[in-house]
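Below is one structure; the comments refer to it alone.
Owing to the predicted nature of the structure, the values given are computational and were not obtained by experimental measurement. As the structure lists them, so they are numbered: ligands from 1, and atoms in each ligand from 1.
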Amino acid sequence: MAKYIFITGGVVSGLGKGITSASLAYLLKSHGYHVAMQKFDPYLNVDPGTMSPYQHGEVYVTDDGTETDLDLGHYERFAGVRCDRHSNYTSGKIYSSVIAREREGGYLGATVQMIPHITDEIKEAIRSAAKPGIDIVMTEIGGTAGDIESLPFLEAVRQFKNEAGTGNAIVIHLTLVPFIKSVGEMKTKPSQQSVSILHNIGIFPDVLVCRTEVAMAEEQRRKLSLFCNVPDDYVIEERDVQHSIYEVPQELADRGLDNKVLELLRLPVTESHLDDWHELLDRVLHPQKSCRIALVGKYAGLRDAYKSIFESFAHAGIALSTKVTCDMVEAEELETDCSKLDAYDALLVPGGFGSRGVEGKIAALRHARTHGIPTLGICLGMQCMVIEYARSVLNYNAANSTEFDEATAYPVIDLMENQRGVTSKGGTMRLGAYPCQLVKGSLAAKLYSELSISERHRHRFEYNNAYRAELEKAGLKVCGTSPDNSLVEMVELPDHPYYIGCQFHPEFKSRPFAPHPLFVGLVQAALNHQIKE
Ligand code: GLN
């Protein structure tokens with residue numbers, strides 16, 4: 001039978017519950033256990049697919065096409081677990097399936113209630129992650145203890161823990177122990193109060209993980225242990241890491257979190273193997289080279305909106321022993337003047353929806369194309385590459401995507417046939433993993449070192465094949481297509497040092513130990529560009 005770990009958060013949001021959970025999962029895997037991870041989000045959207053990145057950051061897409069919370073990216077990257085539609089449940093997803101069942105007569109005769117119907121549905125979702133072969137299921141509860149929204153999830157955790165019995169399910173509460181500068185002291189009160197909220201609803205955390213800025217004194221640990229009813233040994237400090245989130249697993253291992261969790265779950269405390277991670281961390285902390293990349297996006301300052309892209313650069317940096325500094329450049333500011341871009345060694349134009357910033361992205365691409373600046377265009381970024389080329393090289397000045405100009409005379413990017421007339425917005429795009437066939441001899445094929453690849457998608461619009469022959473003849477080569485050749489998946493410019501666009505999102509598949517070839521290629525091209533200068 002699988003064992004269960006629930007991670008709750010207290011005091012404030014943004015404590016890095018996702019990174020902590022993923023780091024612990026990595027440690028447990030390094031002991032030889034098979035771990036599944038999932039996240040519950042207490043909002044009413046059925047999935048984050050319809051939300052602006054301003055709300056919850058990037059929407060992370062899994063192979064099976066589920067639009068999920070960005071924490072699932074940490075799970076896949078750090079812990080190396082595979083996420084799917086059972087890995088992210090929102091209140092909306094839970095409620096809508098209960099309501100749908102009620103309409104079908106599934107509860108005939110009963111009054112459908114929060115307890116037991118909603119909580120049963122949540123418990124079923126927890127169990128759904130315990131597939132054959134899984135030793136430990138780790139479930140992160142989004143939100144902060146005390147939120148009205150997360151109450152049904154916490155109630156389900158209370159019931160689940162009770163039913164599973166001692167040693168089969170534990171709760172780890174991640175909390176903040178702030179250092180108050182004016183008094184020069186750490187304060188435990190917010191954590192005491194947050195744990196007392198959990199006590200009030202019948203959840204008694206087994207482990208307290210305390211986010212701290214400075215080292216925690218013995219006195220604070222004792223206080224937390226006493227007031228929070230958690231044995232002294234199970235009050236674990238998780239101090240802010242100095243340089244990189246890649247330090248977190250080591251920090252938690254140093255405090256013995258993995259061993260304590262295994263003891264509590266009555267699992268053998270096997271030896272852990274962290275050599276690979278140590279090597280990785282060493283590369284992260286001691287890069288030999290550096291480069292600067294501009295991310296031409298539209299959510300200035302909101303790094304979470306492009307989380308997986310930043311992570312992919314970190315992975316490429318690890319592979320090439322390079323510190324990659326990636327700055328966000330507001331696309332709208334480039335509409336009339338792109339000189340800002342000359343300070344960078346390479347460019348990345350990411351995906352996006354809606355017209356704001358598109359003209360700036362097109363201007364940036366024109367600049368990069370004509371100045372030999374290495375560039376990767378992702379999804380909307382690739383679409384903008386096609387628009388820019390059609391405008392500048394084919395002289396189709398009005399070329400556009402029908403997403404931005406429905407009546408354009410040159411719809412070089414257009415809706416897929418099956419998307420015409422679709423009015424609903426949630427979960428209706430081309431989503432998830434699709435195979436792609438690369439063109440022999442292309443830069444793409446060289447980078448991937450194989451011809452059949454699979455990448456994750458999230459878009460409605462596509463390269464319009466009606467312009468394919470003309471664009472190719474003019475120099476913008478198609479280097480990847482769907483296996484039946486009906487959809488263009490990648491384009492590149494052979495005469496350019498590195499100018500490549502993909503309709504999919506490579507950033508979702510990059511891993512610390514398996515950096516994505518398109519990012520490694522871009523960083524390498526950035527380094528070459530630097531040397532040339
Ligand atoms: N808005 C574009 C489309 O729907 C691109 C989407 C994206 O970049 N993820 O096709």
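Shown in contact with His505 at under 4.0 Å from a heavy atom are these atoms of ligand 1, numbered in order with element: 9 (N). Heavy-atom proximity to Glu403, at under 4.0 Å, picks out these atoms of ligand 1: 1 (N), 2 (C), 3 (C). Taking a cut-off of under 4.0 Å to the non-hydrogen atoms of Phe461, the atoms of ligand 1 that pass are 3 (C), 4 (O), 10 (O). Listed by number with element, the atoms of ligand 1 under 4.0 Å from a non-hydrogen atom of Cys379 are 5 (C), 6 (C), 7 (C), 8 (O), 9 (N). Within ligand 1, counting atoms from 1 as listed, the ones closer than 4.0 Å to a heavy atom of Gly351 are 8 (O).
The protein heavy-atom contact nearest to atom 5 (C) of ligand 1 is Gly352 O, 3.3 Å. Closest to atom 9 (N) of ligand 1 among all protein heavy atoms lies Arg458 O, 2.8 Å.
Where the criterion is an N or O separation shorter than 3.5 Å, residue side chain and backbone included, Met429 fails it with respect to ligand 1. The shortest N or O to N or O distance between Gln503 and ligand 1 is not below 3.5 Å. The shortest N/O to N/O separation between Gln383 and ligand 1 falls below 3.5 Å. Polar contact with ligand 1: absent for Gly354 (N/O pair, distance under 3.5 Å).
A distance of 4.5 Å separates CD1 in Ile309 from CD in Glu507, rounded to the nearest 0.5 Å.
Note that Arg456 lies outside the cation-pi zone of Tyr434, set by a 6.0 Å cut-off to the ring centre and a 45° limit from the axis.
When heavy-atom distances to ligand 1 are checked against a 4.0 Å cut-off, Arg460 comes that close through both its backbone and its side chain.
Here Arg391 does not pair with Glu388 in a salt bridge; the nearest charged N to carboxylate O distance is not below 4.0 Å. At a threshold of 4.0 Å, the pair Glu333-Lys340 counts as salt-bridged, since one of the basic side-chain nitrogens sits closer than that to a carboxylate oxygen.
Side-chain atoms of Glu121 and Ser97 include a donor-acceptor pair closer than 3.5 Å.
Between Trp277 and Tyr26, the two ring planes are tilted [angle within 30° to 60°]. Ring geometry for Tyr246 versus His315: interplanar angle over 60°, hence perpendicular rather than tilted (30 to 60°).
The shortest distance between side-chain heavy atoms of Arg460 and Arg430 does not fall below 4.5 Å.
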